[in-house]
Amino acid sequence: MPPFASGLLVLTAPLPALPRRAAGLVAAAAGLVAGPLYVHLQPGLRLGGPATGPAAPPAGPALLRALAALYTAAATRRGLDLRVLLGPGRRLARQPRVLLAAAAEVPGPPEPVQLGLQRLAAAVYGCPPSLPALLLGEDTAGDPEGDPEQDPEATLPEFLDVAVGGTFDRLHGAHRLLLSACCLLARRRLLAGVADGELLRHKVLPELIEPYELRAAKLREFLEDVKPSLCYDIVPLADPFGPSVTDPDLQCLVVSEETRRGGEAVNRKRLENGLPELALYEIQLMKDPEHSQNEEEKISSSSLRQRLLGTLLQPPRRDPALPLRPYVIGLTGGTGSGKTSMAKLLGQLGAFVIDADKLGHAVYAPDGLAYEPVVAAFGAEILNKDGTINRKVLGAKVFGNQEQLKRLTDIVWPKIAQMVKERVREADAQGKAVCVLDAAVLLEAGWQDMVHEVWTAIIPEEEAVRRIVARDGLTEEAARRRLQSQMTNRQRVEQSQVVLCSLWEPEITRQQVHKAWDLLQQRLSPEPGP
């Protein structure tokens, strides 16, 4: 873990040099700072000289190229919260704990430079004057002076009020570049629309999208850090247009290559509403240097959500009454989610798998734990001639009747739980370290009290319907009814430590399960001694 929780990196080299040096600078700083890592750009400033120096760089293409290089470099350092500052004006949201500069930019003895860093941070950002100040070595490649064809004096157009829209889930480098461009273009106000509600429905892994309130709060903190002089109007978007088609003060809409058509649609709506068209300023997409085979080539929130699959999303349950060994994973998921295949993979990796569905059949058998109480509750008419319970007749009695269904589950679920506990004891006797309870009704039955972690398999509804129709021969309507009678993916995810998804090829599912298993083994490994 890097030693400092946050830091301020001051860069004084010419802007055209930055794209070639960004990767080395960010890598060196990331080794010291967990995040956020603030970056102050002031080309030509002599840190070891007088307190004053050249002003901040002009808002032009050269600055945008430097920003793109820095945010692309940060994308390879997962978890690094990079914020390139575009204007002073108030204290930063997270107080820097260390001050940094590139050693290559400040020849001479380090002491005057360190003092200059401390003076600048105190004067511009209100930092305590005694913060530690360090000089970074860096890996450089190519010509440190950059591309001579770049014109550092070129400037961007200016607009009073600028608009932008997006999901802004887990604010990544492409978001940060897009928002930084907005800040450079705007002189007075930035209207940021944040997609919510139905607009999220067809996103990849929508269950893992952060709540609107959290996304809006992170967005505001970033923007107010980056350029505090602007007014920020952050609003939820329930449709693709929002206030961009009704706000008469807007002058510019910032788009990416893939959202330009949406910008053109906004302008058509504005004309219909008697408003002038907006200038469309297009930002190029940022390529993801680490995308895998099933991820997008661009840096995107959907890829980041895919990388969360198999990881620990919230801490495991801490229940003193639950023995630590064997460690019990409760694996759940809706019909068609691929849960059973995942349970088999975990069994191959060494887990002791308990199939709750098989136990559910066993409790209804004439020698089963639930046989007598179920017959007593629902009558002899549910019995076949051989004395076994006719599950179809019993199902007809409870189908669509919540009171009768609860009456049945109140009998059956505790009996299955009793059998699960017996099977866990068997696993312990066999020396198994991990049990997997494969149970579709894990959460509905309240069995999470028997497990250390809940793992949930999810699949989009349309794919689940397709699988149910193909596997069970149901109509599409019947398949949807079955899904709608179950807990939703989002409800399951909210109560889960780990989420898995079988939407892609079987090999991708296998990789997720192996990843989840390997991370579990790390969690179960004893902490190394001092």
Side-chain angles (χ1 to χ4, degrees), residues 1-13 18 21-42 45 47 56 66-103 105-106 110 113-138 168-177 179-180 183 210 214-230 232 299 304:
M1 186 72 180
F4 297 99
S6 55
L8 175 66
L9 171 62
V10 178
L11 299 178
T12 62
L18 261 181
R21 301 177 55 218
L25 288 166
V26 170
L32 294 169
V33 177
L37 172 61
Y38 295 106
V39 178
H40 174 96
L41 299 177
Q42 199 164 346
L45 176 67
L47 280 168
L67 293 172
L70 288 165
Y71 284 125
T72 299
T76 66
R77 323 295 302 189
R78 290 188 182 178
L80 179 63
D81 179 1
L82 187 76
R83 307 182 189 187
V84 184
L85 304 170
L86 303 174
R90 68 182 72 168
R91 293 174 69 87
L92 299 169
R94 316 286 177 91
Q95 184 70 253
R97 301 299 180 192
V98 65
L99 307 177
L100 305 170
E105 296 178 8
V106 284
V113 173
Q114 291 165 331
L115 185 60
L117 275 174
Q118 290 169 334
R119 282 200 304 259
L120 182 147
V124 179
Y125 300 111
C127 296
S130 57
L131 285 179
L134 307 175
L135 299 184
L136 298 176
E138 56 179 293
F168 299 117
D169 181 40
R170 293 177 170 81
L171 216 57
H172 53 63
H175 289 144
R176 292 165 194 250
L177 178 61
L179 294 166
S180 297
C183 291
E210 295 171 319
L214 180 58
R215 286 179 287 136
K218 288 182 177 179
L219 182 59
R220 183 173 295 280
E221 181 180 296
F222 175 81
L223 289 169
E224 290 182 348
D225 261 348
V226 166
K227 192 172 180 183
S229 59
L230 290 179
Y232 296 108
I299 295 177
L304 297 184

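Because only heavy atoms are used, hydrogens play no part in the values below, and waters and symmetry mates are left out as well, while side chains stay in.
For Ala30 against Leu80, the heavy-atom pair with the smallest separation is CB-CD2, 4.1 Å. Between Gly173 and Ile299, the shortest heavy-atom contact is N-CG2, 4.4 Å. Between Arg91 and Asp225, the shortest heavy-atom contact is O-OD1, 4.5 Å. Considering every non-hydrogen atom in both Leu82 and Leu70, the closest pair reads CD2-O, 3.5 Å. Tyr71 and Leu177 make their closest contact through CD1-N, 4.0 Å (heavy atoms, listed as atom of the first residue, atom of the second, distance). Arg21 and Glu105 make their closest contact through NH1-OE2, 2.8 Å (heavy atoms, listed as atom of the first residue, atom of the second, distance).
The closest donor-acceptor contact from the side chain of Gln118 to the backbone of Leu131 lies under 3.5 Å. At distances below 3.5 Å, not a single donor-acceptor pair connects side-chain atoms of Asp81 with backbone N or O atoms of Gly35. Without hydrogens or angle criteria, Arg215 side chain to Glu210 main chain gives a donor-acceptor distance under 3.5 Å. Panel note: side chain Thr72, backbone Ala69; no donor-acceptor pair is recorded below 3.5 Å. No donor-acceptor distance shorter than 3.5 angstrom exists from the side chain of Tyr232 to the backbone of Glu221, with no hydrogens or angles considered.
Counting heavy atoms from C-beta outward, Leu120 and Gln42 have side chains that approach closer than 4.5 Å. Using a 4.5 Å heavy-atom threshold, the side chains of Leu223 and Arg220 count as separate. Residues Arg176 and Leu171 form a side-chain contact, since some pair of their non-hydrogen atoms from C-beta on lies under 4.5 Å apart. Contact check for Leu85 versus Leu92: side-chain heavy atoms found under the 4.5 Å cut-off. Between Pro96 and Tyr125, every side-chain heavy-atom pair lies at or beyond the 4.5 Å cut-off. Side chains of Leu117 and Val10 form a contact here, defined as non-hydrogen atoms less than 4.5 Å apart. Looking only at side-chain heavy atoms (C-beta outward), Leu136 and Leu9 come within less than 4.5 Å of each other. Counting heavy atoms from C-beta on, the side chains of Leu25 and Leu18 come closer than 4.5 Å.
To the nearest 0.5 Å, atom NZ of residue Lys218 and atom CZ of residue Arg170 are 6.5 Å apart. The CG atom of Leu11 sits 9.5 Å away from the CG atom of Leu47 when rounded to the nearest 0.5 Å. Distance check: Leu230 CG to Glu224 CD gives 10.0 Å after rounding to the nearest 0.5 Å. A distance of 9.5 Å separates CZ in Arg97 from SG in Cys127, rounded to the nearest 0.5 Å.
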Side chain to side chain contact (heavy atoms under 4.5 Å, CB included) evaluation trace for Phe4 with Leu100: CA-CA 11 Å; Phe4 297 99; Leu100 305 170; over 6 Å; no

